[in-house]
2 protein chains.
Amino acid sequence: MDKTLHHPDRDQIELAAVLDALSDPIRLQIVQRLAKAGEASCSSFLDYGTKTNLTYHLKRLREAGVTRARAEGAFRYISLRNEDLEARFPGVLAAILANIQDAA
Amino acid sequence: MDKTLHHPDRDQIELAAVLDALSDPIRLQIVQRLAKAGEASCSSFLDYGTKTNLTYHLKRLREAGVTRARAEGAFRYISLRNEDLEARFPGVLAAILANIQDAA
DNA sequence: GCAATAGTTCAAGGATTGTTGAACTTATAG
DNA sequence: CTATAAGTTCAACAATCCTTGAACTATTGC
C-alpha cells in the first residue's frame, strides 16, 4: 500500500471537482456521516455499497480534496478536510452539509 | 418547439442534481455570468462553446432546477432560479457563486 | 508459522457525459 | 414569400462513470 495516498494541496482544490465529488448520492451520504462522526474507517460505510465500490467513492472524495485518509495499522480513517475547504471555498461545504437530507 | 420547456417544481429540485449541474466548468461560467447579468439569451454564451453544446449545457442546468428559460419571440432568455434554490437549499447557491473564479 | 480482517488493484461491462455537424423548426426582417 | 437568425433535435463518437467479482497486499491475532 502506498504510504502516502494522494491528497491535493489546499490551494490545488478546485471548485468544480469538489462539486463533482459531491454530486453523487452515495458520496453525499458518506460526507454527511463524516460530518457527524468526525472520523470513520472505510468499512463503516459498507451499508452504502460493496467494499470495492467504497474504495472507488472514497478515492473520488479524497482526490477532489474533500476528505483525508489516515492509515493506522490495517485501518484507514477517513475525515472531512473541513478547514481546508472552508479556507479555500468559504461557506460551500457548510451550506451543502446543512442541506443533505437523511437517508435516501 | 415546446411552449413550456420542462422545469422541475421547486420541491422536486434535488441537491445531488444541482451539484451535478454545477460540477462542469462551462456550466459554472454560465451560472456566474447569469448571476451578474440577471438574464441572458442562449447565444450570449457562444464564447463558451458551439450552439449545440450550449443547448446541451443549458438543458442540464434547466432540468436540474438551476435555471429557468423564458421564450420571447425567437429568443430564449435564461435566468437563475435564485429564490427557488434559496428556499430549497438555503445558502448553497450563494456560497458557490461567491467562489467561482473568473475565467478559466 | 497460519488464518482472518482491512483495504486496494485489476479487468470487465453497461450507462452516462461532453462534444460535434447536419438537418430541422420557429420567428423576425426585408 | 424569401432569406436569415435563434435554438433544438438527431445520430454519432470517444471518454468518463459506476458497479461488480476475483485476485491481490498488508496488518493483526493466535
May I have the distance from [X] (atom [atom1]) to [N] (atom [atom2]), rounded to whole angstrom?
X	N	atom1	atom2	value
B:Ile30	C:dG18	CD1	C1'	13 Å
A:Asp24	C:dT17	CG	C1'	14 Å
A:Arg70	C:dA6	CZ	P	16 Å
B:Arg62	D:dG7	CZ	P	13 Å
B:Lys59	C:dG18	NZ	C1'	13 Å
B:Leu46	C:dT20	CG	P	12 Å
B:Tyr56	D:dC13	OH	C1'	14 Å
A:His6	C:dT8	NE2	C1'	17 Å

#### Entry: Which atom of A:Ala21 lies closest to which atom of A:Ala64, heavy atoms considered
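Minimum heavy-atom contact is CB-CB, 3.6 Å.
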
### Query
Can you name the nearest heavy-atom pair linking A:Gly49 to A:Asn53, along with the distance?
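Heavy atoms only, the tightest pair is CA-OD1, 4.3 Å.
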
### Message
Under 4.0 Å, heavy atoms only, any strand: does B:Ile26 hit a base, just the sugar-phosphate, or nothing?
### Response
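Sugar-phosphate: the residue B:Ile26, judged by heavy atoms under 4.0 Å, touches backbone atoms but no base.
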
### Query
If you check the B:Lys51 side chain, which of C:dT17, C:dG7, D:dG7 turns out closest?
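Per side-chain heavy atoms of B:Lys51, the pick is D:dG7.
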
Is [X] close enough to [N] that one of its side-chain N or O atoms is under 4.0 Å from OP1 or OP2 there?
X	N	answer
B:Asn53	C:dG18	no
A:Arg27	D:dC18	yes
B:Thr52	C:dG21	no
B:Thr50	C:dT20	yes
B:Thr55	D:dG7	no
A:Arg76	C:dT8	yes
B:His57	C:dT19	yes
B:Arg60	C:dT17	yes
B:Ser43	D:dG7	yes

#### Entry: CG on B:Asp20 to CD on B:Glu14, rounded to 0.5 Å
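Answer for the CD-CG pair, B:Glu14 versus B:Asp20, is 11.0 Å.
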
### Message
Let me spell it out: for each of A:Asp20 and B:Leu54, pick the nucleotide of DNA chain D with the closest heavy atom. Which residue's pick is nearer the 5' end?
### Response
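Looking at the nearest nucleotide for each, B:Leu54 comes out on the 5' side.
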
#### Entry: Heavy-atom side-chain contact between A:Leu58 and A:Thr67 under 4.5 Å
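Of all side-chain heavy-atom pairs linking A:Thr67 with A:Leu58, none is under 4.5 Å.
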
### Query
Between B:Val31 and A:Leu15, is there a shared hydrophobic cluster once you connect ILVMFWY residues whose side-chain heavy atoms come closer than 4.5 Å?
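Linked within one cluster.
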
#### Entry: Shared hydrophobic cluster, A:Ile26 / A:Val66 (ILVMFWY, side-chain heavy atoms < 4.5 Å)
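Same cluster.
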
Could I get a table of every N or O pair under 3.5 Å where one atom is in the protein and the other is in nucleotides 27-30 of chain C?
from   : atom 1 : to      : atom 2 : distance (Å)
C:dA27 : O3'    : B:Ala74 : N      : 3.3

### Message
Quick check against the 3.5 Å criterion: does B:His7 have a side-chain atom that pairs as donor or acceptor with the backbone of B:Ala69?
### Response
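Yes, the answer is positive, given that a donor and an acceptor are paired below the 3.5 Å cut-off.
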
#### Entry: Short side-chain to backbone donor-acceptor contact, B:Arg27 and B:Leu22, under 3.5 Å
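Not a single qualifying donor-acceptor pair exists.
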
